[in-house]
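In what follows, a structure is listed as structure tokens, so that the remarks can point back to it.
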Amino acid sequence: MSNRAPDQARVIPLRPKAAGPAAPAAPRGPGRPGAPAPREPLWRDLIGDVLRGERLAQERTLKDVADAARISMPYLSEVERGRKEASSEVLAAAAHALGLGLGDLLSRAQGELIRLSSRHSSARSSGTAGSSHDGLCLAA
């Protein structure tokens with residue numbers, strides 16, 4: 001049983017808090033002792049990168065795609081920059097406005113995740129196996 005008052009909520013941070021200010025240290029990087037583990041990319045960043053990359057490849061403006069998808073231009077911009085977690089309906093609308101299906105968008109994001117994850121895992125020590133990303137799993 002908790003000693004907290006019933007009207008208090010427990011907050012669980014999504015990302016660990018950074019340690020307090022530290023004294024400057026020697027440069028660290030992959031393969032160096034004490035090097036921080038590379039952070040895996042966020043799904044919203046991958047999706048945004050794919051949307052922006054496809055839009056730019058088609059030489060279309062943000063306004064053009066937002067109008068075609070029937071979503072606001074500022075919101076689409078936030079999605080492309082990885083600042084918003086878009087719903088599946090919004091992602092499907094943006095994908096269709098670019099001539100892609102939702103599956104195409106998710107597949108491209110998955111490919112980018114695999115590419116980035118394999119790069120991060122190769123930076124780890126050679127004695128440990130990296131994680132395998134054979135499928136796509138989304139949780140709401």
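Below, all heavy atoms of this structure are taken into account, side chains as well, without hydrogens, waters or symmetry copies. All of these numbers come straight from a predicted model, not from anything done at the bench.
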Do [X] and [Y] come close enough that some side-chain heavy atom pair is under 4.5 Å?
{"X": "Leu106", "Y": "Ile47", "answer": "yes"}
{"X": "Leu100", "Y": "Glu54", "answer": "yes"}
{"X": "Leu98", "Y": "Arg60", "answer": "yes"}
{"X": "Arg81", "Y": "Ser77", "answer": "yes"}
{"X": "Leu51", "Y": "Val65", "answer": "no"}

Please give me the minimum heavy-atom distance between [X] and [Y], naming the atom from each residue.
{"X": "Leu102", "Y": "Ala92", "value": "CD1-N, 3.9 Å"}
{"X": "Ala66", "Y": "Leu76", "value": "N-CD2, 3.7 Å"}
{"X": "Leu116", "Y": "Pro41", "value": "CD1-CG, 3.8 Å"}

task: Under the salt bridge (charged side-chain N to carboxylate O under 4.0 Å, His left out) rule, what do Lys63 and Asp67 come out as? Steps first, then yes or no, please.
output: CA-CA 6 Å; Lys63 181 172 179 11; Asp67 288 346; 3.0 Å; yes
Can you tell me how far [atom2] of [Y] sits from [atom1] of [X], rounded to the nearest 0.5 angstrom?
{"X": "Glu78", "Y": "Lys84", "atom1": "CD", "atom2": "NZ", "value": "5.5 Å"}
{"X": "Leu91", "Y": "His96", "atom1": "CG", "atom2": "NE2", "value": "10.5 Å"}
{"X": "Trp43", "Y": "Gln110", "atom1": "CH2", "atom2": "CD", "value": "6.5 Å"}
{"X": "Ile71", "Y": "Glu89", "atom1": "CD1", "atom2": "CD", "value": "12.0 Å"}

- prompt: Taking the side chain from Ser118 and the backbone from Ile114, do they hold a donor-acceptor pair closer than 3.5 Å?
  reply: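 Side chain of Ser118 to backbone of Ile114: a pair is present.
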field: Check: Glu85 main-chain N/O paired with Arg44 side-chain donor or acceptor under 3.5 Å
entry: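 No, because the side chain of Arg44 does not come within donor-acceptor range (under 3.5 Å) of the backbone of Glu85.
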